[in-house]
Amino acid sequence: MRLSQYFMPILRDDPKEAEIVSHKLMLRSGMIRQEAAGSYSWLPMGFRVLKKIEQIVREEQNRAGAIEVLMPTIQPADLWRKSGRYEAYGKEMLRIKDRHDRDMLYGPTNEEMITDIFRQGAQSYKDLPRNLYHIQWKFRDEVRPRFGVMRGREFLMKDAYSFDVSREAGQHSYNKMFVSYLRTFARMGLKAVPMRAETGPIGGKDSHEFLILAETGESQVFFDRDFYDMDWNAFDIDYDDVGAVAKVVDDFTAKYAATDDKHDPAEFERLVPEARRLTGRGIEVGHIFFFGSKYSEPLGCEVQGPDGKKVPVQSGSYGIGVSRLAGGIIEASHDAAGIIWPEPVAPFKIGLLNLKAGDAETDQACNKIYKTLEAKGVEVLYDDRDERPGGKFAVMDLIGLPWQVIVGPRGLKEGIAEVKNRKSGERSNVGLDRIVERFAG
RNA sequence: CGGGGUGUAGCGCAGUCUGGUAGCGCACCUGCCUUGGGCGCAGGGGGUCGUCAGUUCGAAUCUGGCCACCCCGACCA
């Protein structure tokens, strides 16, 4: 993409409403625009990031055996009356009437609807286990939306729902999601620590929250330093291997980690030596629940077992805040100059800087690099604007693409361009003829 | 929902107390330039001052209502 033809409204000053760094940087880099309290438009840069995050989530859900569907944002109230949550959910649920005066609502979550879908589509224990998920916009009318996309009212969430014949089988479904979450966040360059959690209005018995550590997190967290030394990338396990999956869960839940509402100071001291006790702030990016038959019973979601008897299915639900992750990743990865995108979620891989746009020789060299890389499918944002270099460097640092390729008259004389890594700051000179193979080779 | 605050150009702000129909920086536009890490030069465009009503010869400025947004607390992906 040529920057001269793109839509990326950059701001030099911090908008005053933004308090935390991710919100500031998202607004400044032209990723999002606020439309109302807690509701945002995703501009091209932000949209690209959102889609990358979404795709990683999707791939890891699929890998763990979950099946993608898509349910509507607007739901009929009747299902929620059956589960009892139409009243219980309170004011956070946005209630709407259609033209026939029927009660509708903008879905804050989908347990009822998916349970009803599954009830209609599965009759036998042979139809289990299954895990259905979708990635869809949710609306929760938060009392106080804040921190940009970190606590919006309208937000993109991946929510998965598992269905099993028994509690034991359900545990494996839960464990698979647990492991898939570790994988998902690791792929985005995040260490999301699983912590024992409250179940909240979703209900249920077993629940873990996944939190990334960041100063601006909304939750106080207490955890074992050992989490830092764990191998966060060693989850190439067979999801069908019940024991192996359970072992990873056991390893990660054996160590102490809790948010303030579940924190037990006595346990903390008993289990964790003083030198390893850490406390900090965390951002919740995922939350998984096992709630058994809480929804299947009121909604009549039963299957016939081998013995011919009907049993209510055992379920769990598994959420990832996709739009929140965009902010969360920035909180975890930035410096004074701007964002530092982990490569897998970066809106473009390379920023190509033409330091003297308008100069025939420089233009030609840049064009060649740009076109060749594009043809090879490498995502390049080419700053071809006729601007002074200082501003270009600042913009590139702000938007945080992993690599910068800098082409100017000085380097051209020697037939080289400068390649800079945004994260490490390392620069090296690369021959013009080797740039393409460096990134597409 | 309780407490506090703000609304003036795309963004950040001044002007409001002491009424006289708007100003600064950045961004933007035009031209020039010797264009290598947000300070090259010169010229220029842009605002029903959140909204409705009131007071007044006259309101961004005074009064009242409404709306929106932000911050601090209790809830949540």
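- Comparing the same atom, P, in G50(B) and in A14(B) gives a spacing of 14 Å after rounding to whole Å.
- When each of G38(A) and G319(A) is assigned the nucleotide of RNA chain B bearing its nearest heavy atom, the one mapping closer to the 5' terminus is G38(A).
- For the pair R81(A) and Y86(A), the cation sits on the ring face: its NZ or CZ lies under 6.0 Å from the ring centre, inside 45° of the axis.
- For the C1' atom pair drawn from U18(B) and G2(B), the interatomic distance equals 36 Å after rounding to whole Å.
- Taking the P atom of each, A60(B) and A74(B) are spaced 43 Å apart, rounded to whole Å.
- Look at CE on M195(A): it is 15 Å from P on A77(B), rounded to the nearest Å.
- Going from the P atom of C69(B) to that of G12(B) covers 16 Å, rounded to whole Å.
- Between G47(B) and C33(B), the distance separating the two P atoms is 32 Å to the nearest Å.
- If you take CG of L27(A) and P of C69(B), they are 15 Å apart, rounded to a whole angstrom.
- The residue G152(A) sits close to a base: some heavy atom pair falls under 4.0 Å.
- In this structure, C41(B) and G31(B) make a Watson-Crick or G-U wobble pair, each of the two defining distances being under 3.5 angstrom.
- Electrostatic pairing of R95(A) and D103(A) does not count as a salt bridge here, judged by no charged N lying under 4.0 Å from a carboxylate O.
- Remark: the Q404(A) side chain and the R422(A) side chain contain no N/O donor-acceptor pair separated by less than 3.5 Å.
- Pairing for G36(B) is absent, judged as Watson-Crick or G-U wobble with the two contacts each under 3.5 Å.
- Applying the 4.0 Å criterion to OP1 and OP2 of C72(B), one finds that R144(A) has a side-chain N or O inside that range.
- For R48(A) and W42(A), the positive end is not near the middle of the six-membered ring at less than 6.0 Å and at most 45° from its axis.
- By the 4.0 Å N-to-carboxylate-O rule, E19(A) lies too far from R146(A) to be salt-bridged with it.
- Considering only side-chain atoms of A36(A), the nucleotide from C1(B), C69(B), C72(B) that sits closest is C69(B).
- For the C1' atoms, the distance from C29(B) to G36(B) is 26 Å, rounded to whole Å.
- Using N1 to N3 plus N6-O4 or O6-N4 for Watson-Crick, or N1-O2 and O6-N3 for G-U wobble, each under 3.5 Å, C62(B) pairs with G54(B).
- Ring geometry for Y256(A) against F268(A) counts as tilted: the plane angle lies between 30° and 60°, on a 0 to 90° scale.
- Both distances falling under 3.5 Å, in either a Watson-Crick or a G-U wobble arrangement, place G2(B) opposite C72(B).
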Contact state string [nucleotides 29-43 of chain B, B base, S sugar-phosphate only, - no protein heavy atom under 4.0 Å]: ----B-BBBB-B---
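- For K16(A), no side-chain nitrogen or oxygen approaches OP1 or OP2 of U6(B) to under 4.0 Å.
- The existence of a salt bridge linking R183(A) and D236(A) is confirmed by a sub-4.0 Å separation between a basic side-chain nitrogen and an acidic carboxylate oxygen.
- Nucleotide G73(B) holds its P atom 13 Å from the CD atom of Q220(A), rounded to whole Å.
- With F348(A) as the partner, the ring-ring contact (aromatic ring centres under 6.0 Å, His included) test is satisfied by one option alone out of Y382(A), Y6(A), W341(A), Y370(A): Y6(A).
- If you find the closest nucleotide of RNA chain B to R385(A) and to E35(A), the one lying nearer the 5' end belongs to R385(A).
- For K423(A), the NZ atom counts as loosely surrounded, since its 6.0 Å shell holds 12 or fewer non-hydrogen atoms of other residues, nucleotides or ligands.
- The CG-C1' distance, from D14(A) to C70(B), rounds to 15 Å in whole Å.
- In this structure, I288(A) atom CD1 and A77(B) atom P are separated by 12 Å, rounded to whole Å.
- Taking only side-chain atoms of E284(A), from C-beta outward, the nucleotide of A77(B), C1(B), A74(B) with the closest atom is A77(B).
- Legend: residues meeting side chain to side chain contact (heavy atoms under 4.5 Å, CB included) with Q75(A), ordered by chain and number and at least two apart, are W80(A), L105(A), N110(A), M113(A).
- Within 4.0 Å (heavy atoms only), K91(A) reaches sugar-phosphate atoms of the nucleic acid but no base atom.
- Across all strands shown, C49(B) has no partner, as no Watson-Crick or G-U wobble contact with both distances under 3.5 Å is found.
- When distances are taken from the side chain of F155(A) to each of G25(B), C1(B), A77(B), the shortest belongs to A77(B).
- To the nearest angstrom, P of G50(B) lies 18 Å from CD of Q34(A).
- Look at the P atom in both C67(B) and G31(B): the space between them is 49 Å, to the nearest Å.
- Taking atom CG on N110(A) and atom P on A77(B), their separation rounds to 14 Å, with Å as the unit.
- Spacing between atom CE of M8(A) and atom C1' of C28(B) amounts to 16 Å, rounded to whole angstrom units.
- With a cut-off of 3.5 Å on both Watson-Crick or G-U wobble distances, the partner of A77(B) is given as none.
- Of the nucleotides present, G12(B) is the one that pairs with C24(B) by Watson-Crick or G-U wobble criteria, both distances under 3.5 Å.
- Using P as the reference atom, U34(B) and G20(B) are 48 Å apart when rounded to the nearest Å.
- Looking at heavy-atom distances under 4.0 Å, V322(A) makes no contact with the nucleic acid at all.
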